[in-house]
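For reference, the structure is listed below as structure tokens.
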2 protein chains.
Amino acid sequence: MSAPDFSVRELRAFVALVDLENFTRAAQAIHLSQPAYSALIRRLEETVGVRLFDRNTRRVSLTPEGRLFEPSVRQLLRDADRALADLGDQIELRKGRVHVAALPTISAGLLPAVFKEFRRSFPGIDLVLSDRLSEACIALVKEGRADFALVSNNARPGDLDELDARLLCRHHYHLVCPTHHPLLSEKRLTLRKIAQHPFIQMTRNNSVRQALEAAIHPRIMNTVLEVEHLGTVISMVNAGLGISVVPTFTLHQFQWPTIATRPLITPNLLRHIYVVRHRERSLSVASSAMLELIVRDLGRLQ
Amino acid sequence: MSAPDFSVRELRAFVALVDLENFTRAAQAIHLSQPAYSALIRRLEETVGVRLFDRNTRRVSLTPEGRLFEPSVRQLLRDADRALADLGDQIELRKGRVHVAALPTISAGLLPAVFKEFRRSFPGIDLVLSDRLSEACIALVKEGRADFALVSNNARPGDLDELDARLLCRHHYHLVCPTHHPLLSEKRLTLRKIAQHPFIQMTRNNSVRQALEAAIHPRIMNTVLEVEHLGTVISMVNAGLGISVVPTFTLHQFQWPTIATRPLITPNLLRHIYVVRHRERSLSVASSAMLELIVRDLGRLQ
DNA sequence: GCGCTTTACGCTGCGCGTAAGTATC
DNA sequence: GATACTTACGCGCAGCGTAAAGCGC
């Protein structure tokens with residue numbers, strides 16, 4: 001049992017002869033000398049095991065077996081062309097899908113501009129954004145559902161076994177408080193000083209909270225309130241209930257006349273943003289383009 | 001714009017690597033040395049224009065583009081295998097169709113036994129029999145609807161331009177008459193003697209009638225009745241209305257105690273049976289087998 | 001160091017073009 | 001004899017196997 005083999009080119013040659021009914025002209029169409037073309041047809045007939053054409057000087061026509069073979073061949077050629085075209089579309093960024101998983105702060109702060117530009121450049125590519133907390137983002141990448149994730153620095157090393165985390169950027173955190181808050185007159189704004197004031201905290205699994213708690217350990221923040229969403233933080237600070245600390249990407253949401261922001265220039269409190277992806281699974285062309293755009297935009301911001 | 005080319009073999013190599021996730025084992029499956037196999041995959045990637053596999057020592061896995069390509073490839077392989085299998089079935093006489101056009105006398109006298117044997121040997125092949133007069137048979141072949149025709153000798157040469165008629169056999173005609181008819185005691189039975197007796201004639205376009213009229217020209221038969229079907233001839237002879245002349249293949253229908261038959265050994269009255277087919281269009285394997293069987297059966301009869 | 005893939009390299013033969021041969025009208 | 005396919009023949013390179021070299025655990 002030997003597996004018979006033939007090439008797309010041979011099939012193209014076959015249909016050329018079916019259509020043109022003439023070896024000489026079909027040979028030209030395939031860009032081959034006539035004898036070479038003749039041999040090619042003969043080889044194809046040998047591989048399929050049956051004469052496909054009746055030929056004499058006057059006329060070239062299909063045998064009954066050739067007539068049976070023809071529709072299959074045309075179908076094969078259509079499918080082959082289609083497969084290559086699909087691949088080409090994907091490569092040329094005319095089609096495809098990019099699935100990014102990112103922290104809510106990054107999703108809201110960085111990605112809108114990036115996605116807008118990406119969509120303008122590659123309108124045929126479907127975009128999916130999963131705005132979740134770090135662990136969920138990483139899980140999506142691990143499952144292969146997201147192409148890459150943009151997360152912060154508190155991912156557990158164990159989670160990264162088969163994944164690869166590359167540092168994308170480092171940002172300071174920022175104090176957000178009512179204007180005229182006493183902290184604003186501090187020369188060196190430290191976390192320890194901040195910890196003395198009533199603080200609006202995020203939920204336990206939030207990466208900002210985890211970073212803060214790690215930085216001030218073994219002390220603790222003066223937490224007066226624990227909320228889930230950043231919008232709530234804004235309102236609470238605005239209402240004078242307390243102060244908070246937020247990452248750079250959220251700052252644009254705190255541009256109120258009643259709220260002031262100051263960067264926290266402390267060496268042990270930096271927000272590291274990582275790109276997490278499969279270690280040994282390459283990105284699609286579209287995903288690479290997206291990542292490139294993200295890096296470029298980030299450079300523009302800093 | 002260059003048409004990219006690849007072979008079925010390359011696609012088989014592709015799926016082997018997808019399934020086995022290991023170059024060495026996939027190479028064995030394809031019966032190639034590992035370096036040669038590696039080069040083959042590389043060539044395929046070059047022709048499609050994108051890396052299809054992520055490989056390092058530990059793991060081999062599809063890229064996003066490879067993942068897109070995979071289902072297309074499997075479909076292509078299925079279709080290619082199917083096309084070859086169909087062709088093989090046709091060649092091995094497991095499937096197919098044979099369409100024979102034949103004179104009613106041949107259809108009823110010769111073909112039942114042949115078709116029975118053919119069907120026993122090749123039960124997967126569909127059989128079509130058009131039992132018509134010569135002209136209609138030849139028209140079917142000319143249109144390409146029938147594979148070949150079995151007709152008698154009065155086909156016009158003009159009708160045969162693109163067709164090829166090969167003599168299959170020659171038979172005598174036979175007198176059919178009531179037992180004890182005076183003609184039966186004739187030593188040399190000639191058409192001229194028959195013409196004197198009341199004669200049951202077939203319709204004008206019947207090949208037997210045309211042969212008779214040509215043979216006795218410029219005399220004419222003593223026609224008492226003109227009928228369409230052979231069964232009617234039988235009944236009329238049986239009833240004593242007249243005598244008739246029929247071809248060999250119909251004789252089995254005249255085996256009545258009241259009817260006698262005698263061959264007409266006259267040199268100018270011979271029934272030539274021809275196989276008519278397209279001059280430059282080969283027969284399908286199944287049709288050839290059928291024709292071969294016909295020739296063989298004919299040999300057995302004589 | 002071990003397992004797996006890639007690179008290096010020589011060789012064989014497939015498949016090409018040119019030219020001559022053959023068949024059909 | 002003109003036209004069109006087939007055969008003959010030499011040549012180049014694609015693609016093979018063997019051997020050696022990277023490379024990631």
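Below, chains carry the letters A, B, ... as their sequence lines are ordered, and counting in each starts from 1.
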Checklist entry - Parallel, tilted or perpendicular: which describes the rings of A/F69 and A/F6, with under 30° parallel and over 60° perpendicular? => result perpendicular
Nearest-Å distance for atom pair [atom1]/[atom2], residues [X] and [N]:
X: B/E46; N: D/dA14; atom1: CD; atom2: P; value: 11 Å
X: A/I41; N: D/dT6; atom1: CD1; atom2: P; value: 10 Å
X: B/R55; N: D/dG22; atom1: CZ; atom2: P; value: 19 Å
X: B/I30; N: D/dG17; atom1: CD1; atom2: P; value: 12 Å
X: A/H31; N: C/dG17; atom1: NE2; atom2: P; value: 12 Å
X: B/F23; N: C/dT6; atom1: CZ; atom2: C1'; value: 9 Å
X: A/L32; N: D/dC5; atom1: CG; atom2: P; value: 14 Å
X: B/D164; N: C/dT24; atom1: CG; atom2: P; value: 13 Å

Checklist entry - Looking across every strand, which nucleic acid part, if any, lies under 4.0 Å from A/T24 by heavy atom: base, sugar-phosphate, or nothing? => result sugar-phosphate
Next on the checklist: Within the 4.0 Å heavy-atom criterion, would you say B/R25 contacts the bases, only the backbone, or no part of the nucleic acid?
Outcome noted: nothing
Item to check | More than 12 heavy atoms of other groups within 6.0 Å of B/E292 CD | outcome: no
Presence of [X] side-chain N/O under 4.0 Å of [N] phosphate oxygens OP1/OP2:
X: A/R279; N: D/dG24; value: no
X: B/S38; N: C/dT6; value: yes
X: B/R43; N: D/dG15; value: yes
X: B/R59; N: C/dC4; value: no
X: B/R9; N: D/dG15; value: no

Checklist entry - Ion pair present between B/R94 and B/D89, side-chain N to carboxylate O less than 4.0 angstrom? => result yes
Checklist entry - Between A/E70 and A/R74, is the closest basic N to carboxylate O distance under 4.0 Å? => result yes
Checklist entry - A/A36 side chain: which of C/dT5, D/dC5, C/dG17 is closest? => result C/dG17
Checklist entry - Looking at the side chain of B/P35, which of D/dC5, C/dA19, C/dT6 is the nearest nucleotide? => result C/dT6
Item to check | A/R277 side, atom CZ; A/L283 side, atom CG - distance, nearest 0.5 Å | outcome: 4.0 Å
